[in-house]
Amino acid sequence: MKNIGNMILRRIGQSVIVIFIVTLIVFLLMQLVPGDPIVNFLGPSATEEQIAYYTKLFGYDQPVLIQYFKWIGGLFRGEMGRSVAMQSEIAPILVQRLKNTLSFVLPGFVLAVVVGVFLGIVAAKNRGSALDSVISIIANIGMSMPMFWFGMILILVFALNLHILPTSGYISIQEGGFAEFAKHMILPTIVIAMNPLASFARQTRSSMLEVIRQDYVTTAKAKGISQRAITFKHQLRNALIPIVTVMGMSLGGMIGGTVLVESIFVVPGLGNLMITSIKGRDFMVVCNGVLVISIAVAICNLIVDILYGFIDPRIRND
Amino acid sequence: MKKKLMATLMTAVLAASVLAGCAGGAAPAAAPAASGDAAAPAAEEQSAAQKMEAEAADTNELADASEVKYGGTLRYASHIQPFGGYTPTNTNNASLTYMTIAYESLTSYNEDGTLRGVLAESWETDASEPSITWHLRQGVQFADGEPFNAEAVKINIEEYQSRERTETANVESMEIIDDYTLKMKLKSWNSSTLEGIGFFCYYMAPDKIDPEALATTSCGTGPFQIAEFDPGVSCKFVKNENYWQEGKPYLDAVEIYCVNEPTTRSSAFQAGEYDIIGMNNLAVAEEIAALGSTSIGKIVMCKNLSGQGAVMTGLIPNSVEEGPFQDPKVRLAMAEGLDVPALIEAFGYGMIQETNQWAVPGAVTYDPDLNAVHYDPEHAKQLLAEAGYPDGFSTRLTTDAGNKDMFTAAANMLEEIGIHCEIDLVDESAQSALYSQGNWSGIMGHFAAISPDLGLYMGRHLDKAGAFYAKGIQHPDDAMELLEAIRTAPTDEEKIKLEYEMQALMYDHENGIALFGRPLFVQNEPGFKYDYVKNEGWKTYHQNTWDIANAWLDK
């Protein structure tokens with residue numbers, strides 16, 4: 001256990017350094033991108049006096065490094081600065097948007113893991129059969145289907161033709177109750193889950209096939225252990241390392257890559273906020289958004305590292 | 001064999017389910033198309049939008065009081081982000097859609113673009129003193145019950161001045177004559193100050209004026225006030241119980257949502273999730289117009305009759321950078337090399353209107369007798385030869401993705417007269433940076449707000465101190481003198497006469513200096529509503545405003 005504790009501390013230390021470097025790079029890159037948040041916000045009727053006034057008000061007239069360290073200093077005080085486009089504090093907006101994003105990304109991830117791993121196991125167990133072919137086709141379609149197109153098709157089928165789900169929007173549980181919340185989240189959850197589901201199914205099938213004919217599996221069978229126990233305790237557990245690696249990468253990617261889903265289904269989440277802010281050159285929102293996504297990815301990686309230790313005692317004791 | 005059969009069956013099932021999703025019902029597959037992606041309507045055919053416009057029942061006819069139904073919530077969606085309730089920072093024209101629900105100004109527009117009183121009953125201007133005297137409406141209260149009076153106007157104008165708002169920059173001092181009369185002494189006479197203060201300043205309750213306090217709420221004299229505000233997402237308004245118009249508003253609430261994706265907005269409208277939508281994608285707008293109706297009801301197109309707040313799109317050469325466009329003959333040649341009617345026919349979907357000057361046909365400053373620039377490739381070639389470019393020259397044309405197809409077509413037209421353009425694709429923010437710094441190379445898109453008041457609107461780009469385009473265009477003495485003369489014109493008649501002269505100076509076919517290149521068209525961003533939405537007056541007086549106190553739902 002001491003080894004795991006040390007590993008976690010080491011990983012956290014590495015993550016902090018990575019996040020710091022990412023913030024610096026993003027902050028500097030945003031300065032190099034042509035465009036000005038004040039100019040965008042005020043619109044084509046603005047005058048030089050107005051632009052100068054708001055540039056000073058938001059501190060964009062100061063040297064870049066001073067702006068950067070002011071931002072980092074603010075983070076230690078729990079302040080993320082103000083959005084030019086939204087004329088509001090950034091921190092509460094980001095927290096709310098992250099919650100909205102997670103409200104379909106996490107169910108989507110769970111759906112992808114449960115269904116994807118199940119399909120992968122079934123495909124591996126029935127290698128070469130018609131069922132294996134069907135699952136492979138589904139996985140291939142899932143991986144190659146454009147998210148935007150799939151989302152629009154689901155809207156046309158379930159909202160406009162069948163009238164059983166809303167086309168878009170987000171209603172929190174507090175606002176509309178769980179049923180309304182769930183109705184609005186079903187389609188985004190399915191769309192966000194489709195690609196990782198397919199990926200998990202393929203990875204599980206491939207990993208399972210590698211262990212399925214190992215000697216220890218034959219030994220287990222010879223000892224009369226039930227098929228279910230062999231599948232889950234001996235085969236799946238030994239196949240899990242590459243699957244967990246893909247899952248960790250996918251969850252990080254799902255949090256950071258929700259732009260399309262949020263745009264199609266009008267979910268006011270992190271991806272939507274990021275794309276709007278990048279378009280409007282709302283620098284501080286972009287930098288803080290990248291920071292939040294970096295932290296989320298770092299946490300996912302940390303969880304994966306910890307899971308490695310639990311799945312494989314050799315890693316734990318190394 | 002089995003595997004092949006299963007694979008074929010699966011493919012067929014999937015294809016069938018996809019087709020089932022696309023076919024039937026009220027909604028055709030809404031293709032995500034940038035302008036120009038879809039096939040253009042044939043020349044002699046009316047577009048669906050034009051047909052809808054021609055057939056549209058006028059749902060904004062004021063109904064008999066006995067017909068009006070009280071209650072209900074109007075749900076509106078557009079791509080524009082909602083803004084908070086502190087008005088001086090909301091300078092973008094688009095923010096008017098939100099602000100005019102909660103706030104009111106001293107004046108608004110009539111359908112022909114002239115001013116009408118709202119919070120001001122009347123006003124007097126004196127060019128010799130110079131001053132404007134406002135006579136305010138009595139019996140008006142802010143949402144918190146505080147009275148609207150001369151003191152409130154004075155405090156609000158001072159707040160605008162502290163935020164460097166140009167509309168109030170010309171006000172030197174204010175004198176409260178009585179509770180409902182306020183005299184503004186001006187630094188110098190400027191014929192645009194009346195409109196600037198009258199329309200673009202909105203009044204907040206004086207004791208609530210604070211950017212933080214009004215970030216997520218409002219306290220104006222308007223018919224509805226912000227009850228819930230989610231930055232960048234939605235803004236929900238509820239009825240102002242202190243509203244000054246007897247018996248109004250009729251609705252209980254108005255909800256505004258930001259839906260960026262045009263196809264999603266269209267789908268949600270067709271599913272009845274919104275009563276009214278704005279549509280910034282003309283291809284999708286054409287699809288909605290083609291529907292005519294859905295299971296929810298008949299669809300009506302909202303039209304902007306006055307041209308106020310509409311956006312003119314043109315192509316503007318950089319006349320400051322070293323090169324051919326410093327010569328007015330070359331700029332004029334560029335303007336004459338563009339077959340604008342063909343561009344509009346191909347990319348306009350019947351929803352944009354050609355213009356050849358800085359005004360909408362029908363507006364007071366539009367000069368119908370102007371011998372304006374028009375497509376004349378032979379004249380263009382002759383001008384180029386006179387300017388020393390008989391074999392043409394190469395330049396760049398910068399565009400954003402939204403106009404790429406149209407501007408590429410324009411570049412091909414310019415190629416015909418010898419101007420070879422290389423296309424530079426940038427995003428909108430990068431384009432804005434080029435406008436404000438004036439350092440675009442060659443030609444780029446010109447986007448200008450339209451108003452009959454050329455002194456105010458053209459001045460923002462022509463004036464040496466203008467924030468947009470100004471650094472990329474020349475400022476010849478005759479143009480600057482004319483601009484100043486328009487601003488200081490003592491009467492409306494004199495002003496309009498000078499504005500006609502300005503239009504001729506810029507856009508005359510023979511002698512125009514074409515500083516703004518070629519205006520192409522005016523786009524009134526279309527909107528759609530169901531015919532049960534009555535009297536909301538959206539886009540009637542201005543592209544981004546309502547007559548929301550009169551709105552009601554007939555359902």
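The analysis underlying the following values was restricted to heavy atoms, covering all of them including side chains, and did not include hydrogens, waters or symmetry mates. Residue numbering restarts at 1 for every chain, and letters A, B, ... go by the order of the sequence lines.
The parts of A/S168 that come within reach of chain B are both its backbone and its side chain, each placing non-hydrogen atoms under 4.5 angstrom from that chain. In this structure, chain B has heavy atoms under 4.5 Å from both the backbone and the side chain of A/I264. For B/S436, the part lying under 4.5 angstrom from a heavy atom of chain A is the side chain only. Neither the backbone nor the side chain of B/P262 has a heavy atom closer than 4.5 Å to any heavy atom of chain A. Interface residue B/R163: backbone and side-chain heavy atoms are both found under 4.5 Å from chain A.
Going from atom CD of A/Q87 over to atom OG1 of B/T216 covers 13.0 Å, rounded to the nearest 0.5 Å. The line from OH of A/Y170 to OG of B/S234 is 12.0 Å long, rounded to the nearest 0.5 Å.
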Verdict with reasoning, B/E212 to A/R82, per salt bridge (Lys or Arg N to Asp or Glu O under 4.0 Å) = CA-CA 11 Å; B/E212 293 300 323; A/R82 281 181 76 84; 2.8 Å; yes
Derivation and outcome, side-chain hydrogen bond (donor to acceptor under 3.5 Å, both in side chains), residues B/N260 and A/S263 = CA-CA 7 Å; B/N260 275 320; A/S263 179; over 6 Å; no
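Under the 4.5 Å side-chain criterion, counting only non-hydrogen atoms from C-beta, B/E428 is not in contact with A/K279. The closest side-chain heavy-atom distance from B/D427 to A/R281 is below 4.5 Å. Counting heavy atoms from C-beta outward, B/Q270 and A/L160 have side chains that approach closer than 4.5 Å. Contact check for B/T89 versus A/Y54: side-chain heavy atoms found under the 4.5 Å cut-off.
Between the side chains of B/E273 and A/T167, at least one donor N or O sits under 3.5 Å from an acceptor N or O.
In this structure B/A433 satisfies the side-chain contact (heavy atoms from CB on, under 4.5 Å) test together with B/Q437, sequence neighbours excluded.
The minimum heavy-atom distance between B/Q81 and A/A85, with the atom names listed, is OE1-O, 4.4 Å.
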